[in-house]
4 protein chains.
Amino acid sequence: MSGPTFTELARRRQFVDCAIDVIAEQGFAAASLAKIAARAGTSKGVISYHFSGKDELLEQIVLDVFTDTAEFIGPRLAAATTATEKLTVFLETSLEYMRLHRAQLLALRQIFPNRRDANGDQRYDNEHGEPRERAIEELLREGQRTGEFRDFDPAVMTVTIRSAIDGALNQWAHSPDLDLTAYAGELVTLFIHATRGES
Amino acid sequence: MSGPTFTELARRRQFVDCAIDVIAEQGFAAASLAKIAARAGTSKGVISYHFSGKDELLEQIVLDVFTDTAEFIGPRLAAATTATEKLTVFLETSLEYMRLHRAQLLALRQIFPNRRDANGDQRYDNEHGEPRERAIEELLREGQRTGEFRDFDPAVMTVTIRSAIDGALNQWAHSPDLDLTAYAGELVTLFIHATRGES
Amino acid sequence: MSGPTFTELARRRQFVDCAIDVIAEQGFAAASLAKIAARAGTSKGVISYHFSGKDELLEQIVLDVFTDTAEFIGPRLAAATTATEKLTVFLETSLEYMRLHRAQLLALRQIFPNRRDANGDQRYDNEHGEPRERAIEELLREGQRTGEFRDFDPAVMTVTIRSAIDGALNQWAHSPDLDLTAYAGELVTLFIHATRGES
Amino acid sequence: MSGPTFTELARRRQFVDCAIDVIAEQGFAAASLAKIAARAGTSKGVISYHFSGKDELLEQIVLDVFTDTAEFIGPRLAAATTATEKLTVFLETSLEYMRLHRAQLLALRQIFPNRRDANGDQRYDNEHGEPRERAIEELLREGQRTGEFRDFDPAVMTVTIRSAIDGALNQWAHSPDLDLTAYAGELVTLFIHATRGES
DNA sequence: CATGAATGAGCATTCATTCAT
DNA sequence: CATGAATGAATGCTCATTCAT
């Protein structure tokens, strides 16, 4: 009908995956269109055909990974009832997703600090519209309403939880043998203590 | 006689400062030697005269900021007695330093994920030898010995504290009006809860 | 299907020819990619598109000239029967080829002493695998077997014959009016005397 | 008094020697003033003080080596009586000098094809004013006058003898174990045959 | 739809030379 | 006499983008 065909979408997805691999392995600066095309087994021109430019390709990477993350975490989070449970599930699921999608997250970690808009200003839009961020803040506020959590600033706690997960990624990035399940357990205990009411 | 002259050191420092400004403002990728030289009011060749190459300039940035950070935080940390006090001082001092050296920290945040060695592997060496990291882990272990802190994995807690500070920097980077003093207060409470024994 | 297309090869040949002209006229050091591209009527980037780098372009020059030389000299040499005849034909044909391909040989004369490998050591590999060298030594050994030639060291004689031709090129390089046919005649007499048995 | 002082001359000689070493070892293109100065243990500026520029330094190298060569070969040649003897002595002495001054000759071999005047034309002036060249041609003509030598073109023979010596240098350059004395013996026999009358 | 070819701006680096001290 | 500092032009190269086929 209208819009991109199924084939077209599959082709785009293929380039997104190749780009993710190259960025994860060789870094943002080294990820030229030539290398990405080579990994995909085609020539540079093809990428320009499917994407308006390198910017759109990068944008698509972010979008795809965000979508994928939300689809992975969303249902698991919905199954939890209390805020404490949700916090637990969120941390465990985040690190579980990380374990299953190493390249994707390594790539995002390279892309975020390097994306700039036309004016040269850093682009934070996507970072803060990302699914995780919103889900965390919501569950924190809910826990505060039910009295499970103490009276902290939800924005700070949200950023800190998100940063804690990024910290795990950083560690895992250069210590691939890191036990992410155990790491998740430590984070759960840490943030349950950090959020619990004074009693 | 011995080593570089005072003038030479001052000149290097000047280029380091210009490079920090350009990287903080325009990002790692856009920080060409030409732009850095332009900011310093000279030509590219002069940088090559004072540094063996761009790599050495970047290295010097990291070194200078680390040294500066250590000199700022070290004495304040030494003045604290209990582990809890030290943790408090560490977090407050870190964000205070951040407030006073915005460009430096924004620059480091750009440099770290983008530095690669000759093999294309990311360079983490400095990041983990950095003063903050070591100081945190030490005070955590001390708190566990004295019974002030509960029995968590010091490595995970260290990474999380460091990441929490990085998270503050990220927020502040695109919300320059953020109240870092209040933010520090929130982090202190957060991590005191996170580290405190169960009793 | 397999390998470079005909068009690609023709384009490479075109740049090789331009490079030969620039090197022959302006010397090795002055033969920058910019000048070579300008002579070809394009920009530097195009050369980088067709060759992996300046090194490969220089390599191709050597290869092309060697191939051309072999195709010129080979059949003429094969038509000769006795070793003396072959020596005669070799010298005459070499200077005849020189006369017809001035730029090529002037370029090679610039390239050889200036080519270095990555370690900074001079590259002799090609020079001694070159067609002329092998052909000479073979015919000299044949003449010694048949008794036409006396008992000299074939390696020294080979180098000397090759150097004699290089000497002719040197003379001709700055005296373009030099009569190369007469010169060839002198060289033939010279080396027939030099190689002839004592009797 | 007038002209350069003794100290001045010694200083120039020192830089000439360093330049010879660097050029011989690393090649013409890699022999920057910085490297030459580093080898001399001083800074680039000093060379500019003693020489009007890199050109004058290169000129001085050529001049010094030519002078040295002439002083070495001249007396030995004068001691020979017949033309044949002189030819023998010339070849033997040339290779003997080569053996004793490897760096000097390797340097000259790099300098000659790379020297250009302001117009970009190659400089042959020195090459053909060099002592060896003149000495050879003179002895060849003498041999023809006395009937020792046959009736060849002295110019061609001169160039060929000179080129034969250059060929020996080329061989020796990449085969440092080459027996130059034996090589000289071969050349002597070769050119005695080449020059001898028909009888 | 796809691509080989070309483009030109930008990059880090090297270098001979100049100059104030 | 000597030199550390600075200069700016030039070099090889990479890259995102464009375009004709």
>> Both B:Lys44 and B:Thr7 contact DNA chain F. Taking the nearest nucleotide for each, which residue is further toward the 5' end?
In response: B:Thr7
> Start at the 5' end of DNA chain F and walk down; is the nucleotide closest to A:Asp55 or to C:Ser52 reached first?
Replying inline: C:Ser52
> Is it true that C:Arg13 and C:Glu8 have a side-chain N and a carboxylate O under 4.0 angstrom from each other?
Replying inline: no
Would you kindly give the [atom1]-to-[atom2] distance between [X] and [N], to the nearest whole Å?
{"X": "D:Arg12", "N": "F:dA2", "atom1": "CZ", "atom2": "P", "result": "14 Å"}
{"X": "C:Leu57", "N": "F:dC13", "atom1": "CG", "atom2": "P", "result": "10 Å"}
{"X": "A:Leu9", "N": "E:dC1", "atom1": "CG", "atom2": "P", "result": "11 Å"}
{"X": "B:Phe15", "N": "F:dA5", "atom1": "CZ", "atom2": "C1'", "result": "10 Å"}
{"X": "B:Ile47", "N": "E:dC15", "atom1": "CD1", "atom2": "P", "result": "18 Å"}
{"X": "B:Leu33", "N": "E:dC11", "atom1": "CG", "atom2": "P", "result": "9 Å"}
{"X": "D:Ile36", "N": "E:dT17", "atom1": "CD1", "atom2": "C1'", "result": "14 Å"}
{"X": "C:Gln14", "N": "E:dA5", "atom1": "CD", "atom2": "P", "result": "13 Å"}

> In terms of the angle between their ring planes, are A:Phe15 and A:His50 parallel, tilted or perpendicular, with boundaries placed at 30° and 60°?
Replying inline: tilted
>> Please name the nucleotide paired to F:dA20 by Watson-Crick or G-U wobble geometry with both distances under 3.5 Å, or report none.
In response: E:dT3
>> Let's test this: given Watson-Crick or G-U wobble pairing with both distances under 3.5 Å, identify the partner of E:dC11.
In response: F:dG12
> For residues A:Asn114 and A:Gln110, is any side-chain donor paired with an opposing acceptor at under 3.5 Å?
Replying inline: no
With a 4.0 Å cutoff (strictly under), does any side-chain N or O of [X] reach OP1 or OP2 of [N]?
{"X": "A:His50", "N": "E:dC1", "value": "no"}
{"X": "B:Tyr49", "N": "F:dA6", "value": "no"}
{"X": "C:Arg11", "N": "E:dG4", "value": "no"}

> Which comes earlier along DNA chain E counting from the 5' end, the contact point of B:Ala34 or that of D:Ala31, where each point is its nearest nucleotide?
Replying inline: B:Ala34
>> Using salt bridge (charged side-chain N to carboxylate O under 4.0 Å, His left out), reason through B:Glu25 and B:Arg39 one step at a time and then give a plain yes or no.
In response: CA-CA 12 Å; B:Glu25 284 170 21; B:Arg39 160 105 28 164; 2.9 Å; yes
> Base, sugar-phosphate, or nothing for A:Ser32, non-hydrogen atoms under 4.0 angstrom?
Replying inline: sugar-phosphate
> Which nucleotide in the set E:dT17, F:dG4, E:dT7 lies at the smallest distance from any side-chain heavy atom of D:Lys54?
Replying inline: E:dT17
> Quick check: are there more than 12 heavy atoms from other residues, nucleotides or ligands sitting under 6.0 Å from CZ of B:Arg102?
Replying inline: yes
